[in-house]
Number of protein chains: 2
Amino acid sequence: MAFQRTGAARAERPEGSALPLDTILIGDCVAELEKLPAGSVDMVFADPPYNLQLQGALHRPDDSLVDAVTDSWDRFESFSAYDAFTRAWLLAVRRVLKPSGTLWVIGSYHNIFRVGSALQDLGYWILNDVVWRKANPMPNFRGRRFTNAHETLIWAARGADAKGYTFNYEALKAGNEDLQPRSDWLIPICSGAERLKGEDGRKVHPTQKPEALLARVLLSATKPGDVVLDPFFGSGTTGAVARRLGRHFIGVERDRDYAAAANARIAAVTPEAEEALTAAPAKRDAARVAFATVVERGLVAPGARLVDERRRYEAVVRADGTIALGTVIGSIHRIGAVAQGREACNGWTFWHVAEAGRLTPIDAYREIIRAEDRLAG
Amino acid sequence: MAFQRTGAARAERPEGSALPLDTILIGDCVAELEKLPAGSVDMVFADPPYNLQLQGALHRPDDSLVDAVTDSWDRFESFSAYDAFTRAWLLAVRRVLKPSGTLWVIGSYHNIFRVGSALQDLGYWILNDVVWRKANPMPNFRGRRFTNAHETLIWAARGADAKGYTFNYEALKAGNEDLQPRSDWLIPICSGAERLKGEDGRKVHPTQKPEALLARVLLSATKPGDVVLDPFFGSGTTGAVARRLGRHFIGVERDRDYAAAANARIAAVTPEAEEALTAAPAKRDAARVAFATVVERGLVAPGARLVDERRRYEAVVRADGTIALGTVIGSIHRIGAVAQGREACNGWTFWHVAEAGRLTPIDAYREIIRAEDRLAG
DNA sequence: AGCTTGCCTGAATCCTAAT
DNA sequence: AATTAGGATTCAGGCAAGC
């Protein structure tokens, strides 16, 4: 068994275990997993290829080229080839999981429906799907779709009858301002100093995941000393976070360059002090409210008249949250600017609803929306 | 064809159409859809049922370690029935969709992975998956999982080569603080006065969707007067919102009680005023203007000098509407690209006329031509 | 030092009418 | 049907350079 070993994590190695703890196994994940003992792993985190099926090149509006994921490991002949690949690794993972073990998989709409169906077919029991909302996603440059601002994780037990899986509910709740942890997580993408760069200054791996995401997963569904297996180890985020949080890891990676980078990265990690291993508080939402939401929720009706404080200008509210000044249509800010012949305008304070002889700034309705949404932050 | 008709929506019924507009068809959706003409519907919104057999499996006493093969085979049978049902309605829907039509489906982790896989298998092309984040979800009482705080929608075109689908990008952006719309939507669940109650005070339908959700869908992906089909009409949220927003609906529902409640609900809806609904003009829909026309009509004279904003490049206007950069001759776009060494360039915004010390983008002259042509009808 | 400005980049299934 | 060419299109954040 070819492997590279990283410095041992702090927690004790289980007595008599045949597991190659805190090690990256070089090779195909199905073949490597078959060498491991059955029922030996507490949790699996898997970030499989997404099968993006990209066609041509994509340019930003400034004509720069988007550095897309075109690596050979992400190319599959067909959906059925991808499905066969998926079933194979899901089966291998299910064998090495303890009866109480759980699986986490991450994916996008390109592959996650295939993965979810396959794991249901194989007898896994879904506990949750979790949405990773990206605070700073790549925009949609052509304006032809919604900005793809999230990825999906599936959390599943080995079977419908699985009992005793780990879920650190109390710690998560305490770390979330005493609110129950929700299935939607707001976390920034991996960038800046956290992003591994080669000597040439280019990213080591095209799809490195943020450590905050793995930390949330491990703190939610494992205990200190648990063994976490990652069959698509890549740049080793799972290993780095596991070591930091006092969990053991086992990685499997086909690419020796990725594995080498991951080993160096993990060796540089300083494990947290024992008492610090509690759930990190959830990041709060920026309380940005769109005027379309105010209309959508019925606080201001389509067709309503908006006026400025001195009633010099009048605009009509439209169903989609734009407003019209004569024939000119745009956002509350843009139309406020147009009305005054200015470059910019804060539409929230400029526009008012006139009712019962009183002017109500639309900003008041924004506050109501914020109150409604506060719990969801 | 058995149906119940609601008061006609405001928009005109297309001439010679065989479609039962603004009507609820009573019956099985596959059978009813097969009676409709192919390629006739602009959008489909589907809220299919979950697999109840699955939930039966959940409650089955199953404490002992069951033979894994038998267990998964049994589960496969129930998934298989759900998959067959899903393929049937997805196929029927695909037939009635226009080539440029799109499908929206909503579901939770119980069924959405099956639906997503099936629609990919049938040739649909996913445009986005969208997360409906619930501002006020049902709490998780036992504290054994994350609070299930979202549902997933899939937005798909009829095929990978489908063109011309409706996406009201400019309006959505203007209604969203001038930021492009994202794939995660925060909307409260349906409750309070909006929730339909029977005479006994109990809710009419167990999974009534909020009107705000449907409004977001219809405003994103349809135009006024479009035909929206809902094969699982239920309490009729799709119809109520379609009527309010000046879209036509066709509903299919097996349960006569649901259909009756939906009809009453829709009849009580007041359509929005026309002016609040008209499609906001998008730049990409504006009439094309040739630069030759600008020269022809004397707005820019042959021989005039064009420069970029920073006056790094200078080109000469020719009588035929081409421009010359040194010895290179071509369109305003081609020459703008050549000047910067880029693949592409929008010549309308890149090139300017310098006069009286001020730079005027030639786009301004295009606007004048458009205004002239509008007056001429 | 501290602030402003500009540049770069991120799992992307990202155009369409006219010829 | 396939090709050509017009011309429309981006947000947050990290970091370096400039002032």
Side-chain angles (χ1 to χ4, degrees), chain A residues 47-71 73-76 79 106-112 132 134-152 188-195 197 201-203 205-210 232 234 286 288, chain B residues 100 120 124-129 156-157 159-165 167 169-170 173 176-183 282-292 321 330-334 336-337 342-351 362-363 366:
Chain A
D47 182 10
Y50 286 8
N51 188 25
L52 288 185
Q53 309 172 70
L54 301 179
Q55 309 284 340
L58 178 64
H59 292 84
R60 297 185 180 82
D62 66 4
D63 210 33
S64 63
L65 182 66
V66 173
D67 184 13
V69 179
T70 52
D71 306 70
W73 50 254
D74 196 49
R75 284 200 288 272
F76 292 81
F79 278 132
I106 185 167
S108 66
Y109 66 82
H110 309 84
N111 71 320
I112 198 65
W132 167 28
K134 301 181 184 185
N136 47 353
M138 181 153 72
N140 183 290
F141 297 116
R142 306 304 293 266
R144 294 298 293 145
R145 303 178 175 194
F146 296 93
T147 299
N148 204 346
H150 74 275
E151 295 189 20
T152 300
I189 62 174
C190 178
S191 68
E194 188 187 323
R195 188 90 196 203
K197 301 275 170 58
R202 295 171 48 167
K203 57 191 175 194
H205 194 281
T207 71
Q208 185 180 339
K209 294 293 177 290
F232 306 99
R288 182 174 248 149
Chain B
S100 63
Q120 285 180 314
Y124 284 95
W125 193 247
I126 298 178
L127 297 168
N128 278 113
D129 60 337
D161 54 347
K163 298 223 182 320
Y165 62 87
F167 182 54
Y169 175 73
E170 292 80 4
K173 187 177 174 183
N176 186 42
E177 298 283 280
D178 292 321
L179 292 173
Q180 57 178 206
R182 295 173 41 122
S183 58
K283 266 192 193 164
R284 48 167 54 91
D285 297 331
R288 284 206 181 177
V289 173
F291 185 62
S331 71
I332 51 173
H333 312 296
R334 198 72 250 128
R342 287 185 178 180
E343 278 295 310
C345 166
N346 182 341
W348 290 110
T349 51
F350 181 73
W351 294 112
I362 58 176
D363 206 18
R366 180 169 63 162

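Excluded from the calculations below are hydrogen atoms, water molecules and symmetry mates; all remaining heavy atoms, backbone and side chain alike, are included. Letters A, B, ... mirror the listed sequences (proteins, then strands); counts begin at 1.
- Atom P of nucleotide dG6(D) and atom CZ of R334(B) are separated by 8 Å, given to the nearest angstrom.
- Residue-level contact check: D67(A) touches the backbone only, with heavy atoms under 4.0 Å from sugar-phosphate atoms and none from bases.
- Distances shorter than 4.0 Å separate none of the side-chain N or O atoms of N140(A) from OP1 or OP2 on dC14(C).
- Between K163(B) and the phosphate of dC15(C), there is no side-chain N or O to OP1/OP2 separation shorter than 4.0 Å.
- Within 4.0 Å (heavy atoms only), D363(B) reaches no atom of the nucleic acid at all.
- Pair check for dA16(D) finds dT5(C); Watson-Crick or G-U wobble, both atom distances under 3.5 Å.
- Stacking here means ring centres nearer than 5.5 Å and ring planes tilted less than 30 degrees, and by that measure F141(A) does not stack onto dC14(C).
- Counting to the nearest Å, the P atom of dA12(C) and the CD atom of Q180(B) are 13 Å from each other.
- Side-chain atoms of W351(B) come within 3.5 Å of backbone atoms of I332(B) as a donor-acceptor pair (strictly under, hydrogens ignored).
- Proximity of a side-chain donor or acceptor of N176(B) to a complementary backbone N or O of D178(B) within less than 3.5 Å is not detected.
- Between R60(A) and dT10(D) there is no side-chain polar atom (N or O) within less than 4.0 angstrom of OP1 or OP2.
- Rounding to whole angstrom units, CG of residue L54(A) and P of dG10(C) are separated by 14 Å.
- Residue P210(A) is out of contact with every strand shown, counting any heavy-atom pair closer than 4.0 Å.
- Taking atom P in both dG7(D) and dC14(C), the straight-line distance is 23 Å, to the nearest Å.
- Side-chain proximity of T207(A) to dA11(C), dC15(D), dT13(C): nearest is dA11(C).
- Set against dT13(C), dG10(C), dA12(C), the side chain of K203(A) has dG10(C) as its closest nucleotide.
- Looking at the side chain of V66(A), the nearest of the listed nucleotides dA12(C), dA12(D), dC11(D) is dA12(C).
- For the OP1/OP2 pair of dA11(C) and a distance below 4.0 Å, the side-chain nitrogens and oxygens of R75(A) include no atom meeting the criterion.
- Remark: side-chain polar atoms of T152(A) are not paired, donor with acceptor, to backbone N or O of G107(A) under 3.5 angstrom.
- The minimum heavy-atom distance linking C345(B) with A337(B) is given by the pair CB-N, 3.4 Å.
- Using atom C1' as the reference point in both dT16(C) and dA1(D), the two lie 15 Å apart (nearest Å).
- Across all strands, A290(B) comes closer than 4.0 Å to no nucleic acid atom at all (heavy-atom distances).
- One finds no side-chain N or O of S108(A) lying less than 4.0 angstrom from the OP1 or OP2 phosphate oxygen of dA11(C).
- Anti is the glycosidic conformation of dT4(D), whose angle departs from 0 by more than 90°.
- Between the side chain of R75(A) and the main chain of T70(A), a donor-acceptor pair closer than 3.5 Å is present.
- Using C1' as the reference atom, dT10(D) and dC8(C) are 13 Å apart when rounded to the nearest Å.
- With a 3.5 Å ceiling on both atom-pair distances, dA11(C) lacks any Watson-Crick or G-U wobble partner.
- For the P atoms, the distance linking dA8(D) with dT13(C) amounts to 23 Å, nearest Å.
- Mapped onto DNA chain C by nearest heavy atom, D47(A) and P139(A) fall at different nucleotides, with D47(A) at the one closer to the 5' end.
- Using a 4.0 Å heavy-atom distance criterion, G201(A) is classed as making no nucleic acid contact.
- Within 4.0 Å (heavy atoms only), N346(B) reaches at least one base atom of the nucleic acid.
- Minimum atom distance to the side chain of L179(B) is reached by dA12(D), of the listed dT10(D), dA12(C), dA12(D).
- Of the nucleotides present, dT4(D) is the one that pairs with dA17(C) by Watson-Crick or G-U wobble criteria, both distances under 3.5 Å.
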Check residues 54-63 of chain A and write down every donor-acceptor pair under 3.5 Å in which the side-chain atom is one partner and the other belongs to a residue at least two apart or another chain.
| from | atom 1 | to | atom 2 | distance (Å) |
| --- | --- | --- | --- | --- |
| R60(A) | NH1 | S64(A) | OG | 3.2 |
| R60(A) | NH1 | L65(A) | O | 3.3 |
| D62(A) | OD1 | S64(A) | N | 2.9 |
| D62(A) | OD1 | S64(A) | OG | 2.7 |
| D63(A) | OD2 | E343(B) | N | 3.4 |

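- At least one test fails for R145(A) against the ring of Y165(B): distance under 6.0 Å to the centre or angle within 45° of the axis.
- Of the side-chain N and O atoms in R144(A), one or more sit less than 4.0 angstrom from OP1 or OP2 of dT16(C).
- Closest approach to the R195(A) side chain among dG10(C), dA12(C), dC11(D) is made by dG10(C) (side chain taken as heavy atoms from C-beta onward).
- Between the side chain of E177(B) and the main chain of R288(A), no donor-acceptor pair closer than 3.5 Å is present.
- The phosphate of dT10(D) has OP1 or OP2 within less than 4.0 Å of a side-chain N or O from K173(B).
- Map N128(B) and I189(A) each onto its nearest nucleotide of DNA chain C; the residue landing nearer the 5' end is I189(A).
- For the pair D285(B) CG and dT9(D) P, the interatomic distance rounds to 10 Å; values are reported in whole Å.
- Within 4.0 Å of W73(A), counting heavy atoms only, lies at least one base atom of the nucleic acid.
- Distance from the side chain of W348(B) is smallest for dG7(D) among the nucleotides dG7(D), dA12(D), dA12(C).
- Listed nucleotides: dA12(C), dA11(C), dG14(D). Nearest to the side chain of L58(A): dA12(C).
- For Y109(A), taking side-chain heavy atoms from C-beta onward, the closest of the listed nucleotides dT13(C), dG7(D), dC11(D) is dT13(C).
- Nucleic acid contact class of E343(B) (heavy atoms, under 4.0 Å, all strands): none.
- No contact: Q55(A) has no heavy atom under 4.0 Å from any strand.
- Contact between the side-chain N/O atoms of N136(A) and the OP1/OP2 oxygens of dG10(C) is not found at any separation under 4.0 Å.
- Between Y124(B) and the phosphate of dT13(C), there is no side-chain N or O to OP1/OP2 separation shorter than 4.0 Å.
- Using a 4.0 Å heavy-atom distance criterion, S331(B) is classed as a sugar-phosphate-only contact.
- In this entry the distance linking CD of E194(A) with C1' of dG10(C) reads 13 Å, nearest Å.
- Between G192(A) and P137(A), the residue anchored closer to the 5' end of DNA chain D is P137(A), taking for each the nucleotide with the nearest heavy atom.
- As rounded to the nearest Å, dC15(D) and dA11(C) have P atoms that lie 16 Å from one another.
- Residue-level contact check: C190(A) touches neither bases nor backbone, having no heavy atom under 4.0 Å from any strand.
- Distances shown here put every side-chain N or O of R284(B) at or beyond 4.0 Å from the OP1 or OP2 atom of dC14(C).
- In this structure dT10(D) sits in no base pair that meets the Watson-Crick or G-U test at under 3.5 Å.
- Relative ring orientation between H205(A) and W73(A) is described as parallel, the plane-to-plane angle staying below 30° on a 0-90° scale split at 30° and 60°.
- The shortest distance between the side-chain N/O atoms of H333(B) and the OP1/OP2 oxygens of dG6(D) is not below 4.0 Å.
- Side chains of Y50(A) and D74(A) form a contact here, defined as non-hydrogen atoms less than 4.5 Å apart.
- Taking the nucleotide of DNA chain D with the nearest heavy atom to each of M138(A) and I332(B), the more 5' of the two is matched to I332(B).
- Residue R366(B) is classed as a sugar-phosphate contact, given heavy-atom separations below 4.0 Å to backbone atoms only.
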